[in-house]
Chemist: 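The structure under discussion is supplied below as structure tokens; questions concerning it will follow.
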Amino acid sequence: MTGNPVRFCGLQLEHRIINASGTFDPIAASRAFGNDVITSLPFSAFVSKTVTVEPRQGNPPPRLWELPSGMMNSIGLPNKGLVRWVEEDLPILSRMKIPLIANVMGFERDQFSTLVEALGGKAEISALELNVSCPNVETGTIIGSDPFECGQLVSAMRLLTDSPLIVKITPNASDPAAVAISAEAAGADAISLINTVRGLALDPVSRRPWLGGRTGGISGPAIRAASLAQVDAVCSQVKIPVIAMGGVSSGKDAADLIDCGATLVAVGTENFRDPMAAERIRTELESISLVP
Ligand code: RRO
């Protein structure tokens, strides 16, 4: 079954289910399960883990904490940096049969410019997702929390590329819809939400924060209702397409987000439990009657 095709930012996608950045690693999966994995992903487009200009080790361990209905991560953007990602990972990812969306993050505007200039024109990359919403590094959510700052960033990036620009906004802001409106006015082609919700867990023995980064980002079913409320608010305020995510583990969860106005739905934490979950979710979604 190929699903119901959908248009998104000039791309013709086979169905509405994609992955959330950082929740599926096709390169590691192909090392473990063989090269066929790269060409048979259960998504209609693939979003990369966040790439930064410089290589990063990420946050000190522990980096994960399990919750009754989800998990918390304090990964801290570990990645090989722009140059090695282009040299080593992009050639492998370009073997996928689906469009590649590169997720990028800068700690200041110049770094976003470097990333957008380097990746925006590449034939292998169909769109860029600007991550202004990582809760696990000190300045990760500053731009994404402030409509003015976000608008300024998007305006500047708009001048640098014709590639579709998706802005991934944070739920850890007082008014995510205001940030989305500002991104749209500045030339964003799409909005994605939600990133993880900041949380804290204490080590039961030491009574100190468990995660090496102190706080982390909550994901999974625990944040589903929060996601639905924010997606609903954003979709009612912007005309550009929305990629919705947050605790999606069934076709019903995806249908809820689409009925609130989302064009695409991203599966995140559920990929860790079942790497083929997106296929099941897509099949379930196809059996549900959506609001016309
Ligand atoms: O790497 C991370 O810690 C991370 C990122 Br970039 C993000 O956008 N969201 C998240 O929960 N973790």
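Numbering of ligands and ligand atoms starts at 1, following listing order.
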Chemist: Should the proximity of N131 to ligand 1, defined as any heavy atom under 4.0 Å, be assigned to the side chain, the backbone, both, or neither?
Modeler: side chain
Chemist: Does ligand 1 have a heavy atom under 4.0 Å from the side chain of M105, from its backbone, from both, or from neither?
Modeler: neither
Chemist: Do any nitrogen or oxygen atoms of G217 lie less than 3.5 angstrom from nitrogen or oxygen atoms of ligand 1?
Modeler: no
Chemist: I need the atoms of ligand 1 closer than 4.0 Å to a non-hydrogen atom of G76, numbered in the order shown.
Modeler: 1 (O), 2 (C), 3 (O)
Chemist: Residue-level breakdown please: for I75 versus ligand 1, do any non-hydrogen atoms fall below 4.0 Å on the side chain, on the backbone, on both, or on neither?
Modeler: both
Chemist: N73 heavy atoms, cut-off 4.0 Å: which ligand 1 atoms fall inside?
Modeler: 2 (C), 3 (O), 4 (C), 10 (C), 11 (O), 12 (N)
Chemist: Which residue supplies the protein heavy atom nearest to atom 1 (O) of ligand 1, what is that atom called, and how far is it?
Modeler: K49 NZ, 2.7 Å
Chemist: Tell me whether I240 is reachable from I18 by hopping between hydrophobic residues (I, L, V, M, F, W, Y) whose side-chain heavy atoms are closer than 4.5 Å.
Modeler: no
Chemist: For atom 4 (C) of ligand 1, what's the nearest protein heavy atom and its distance?
Modeler: C134 SG, 3.7 Å
Chemist: For S250 and D253, test the side chains for any donor-to-acceptor distance below 3.5 angstrom and give the result as yes or no.
Modeler: yes
Chemist: Which residue supplies the protein heavy atom nearest to atom 11 (O) of ligand 1, what is that atom called, and how far is it?
Modeler: T196 OG1, 2.7 Å
Chemist: By number and element, which atoms of ligand 1 are closer than 4.0 Å to a non-hydrogen atom of L77?
Modeler: 1 (O), 2 (C), 3 (O), 6 (Br)
Chemist: Could R207 and D203 be called an ion pair, given the rule that one side-chain N must be under 4.0 Å from one carboxylate O?
Modeler: no
Chemist: Just to be sure I read this right, does ligand 1 sit under 4.0 Å from the backbone of S219, its side chain, both, or neither, counting only heavy atoms?
Modeler: neither
Chemist: Hey, mind stepping through L77 and V137 against side-chain contact (heavy atoms from CB on, under 4.5 Å) and telling me if it holds?
Modeler: CA-CA 8 Å; L77 285 157; V137 288; 3.8 Å; yes
Chemist: Only one of R56, Q57, R84, E54 clears side-chain contact (heavy atoms from CB on, under 4.5 Å) with N79; which?
Modeler: R56
Chemist: Which distance, rounded to the nearest 0.5 Å, do you find between the CG of L100 and the NZ of K122?
Modeler: 12.0 Å
Chemist: Output yes when the distance from some N or O of ligand 1 to some N or O of T50 is under 3.5 Å, and no in every other case.
Modeler: no
Chemist: For R31, is there an ion pair with D25 - N to carboxylate O distance below 4.0 angstrom?
Modeler: no
Chemist: Evaluate S133 for polar contact with ligand 1, using N/O atom pairs at a separation under 3.5 Å.
Modeler: no
Chemist: T196: what forms a side-chain hydrogen bond (donor to acceptor under 3.5 Å, both in side chains) with it, not counting sequence neighbours?
Modeler: none
Chemist: Is there a donor in the side chain of E129 and an acceptor in the side chain of S192, or the other way round, less than 3.5 Å apart?
Modeler: yes
Chemist: What atoms of ligand 1 come closer than 4.0 angstrom to any heavy atom of N195?
Modeler: 7 (C), 8 (O), 9 (N), 10 (C), 11 (O)
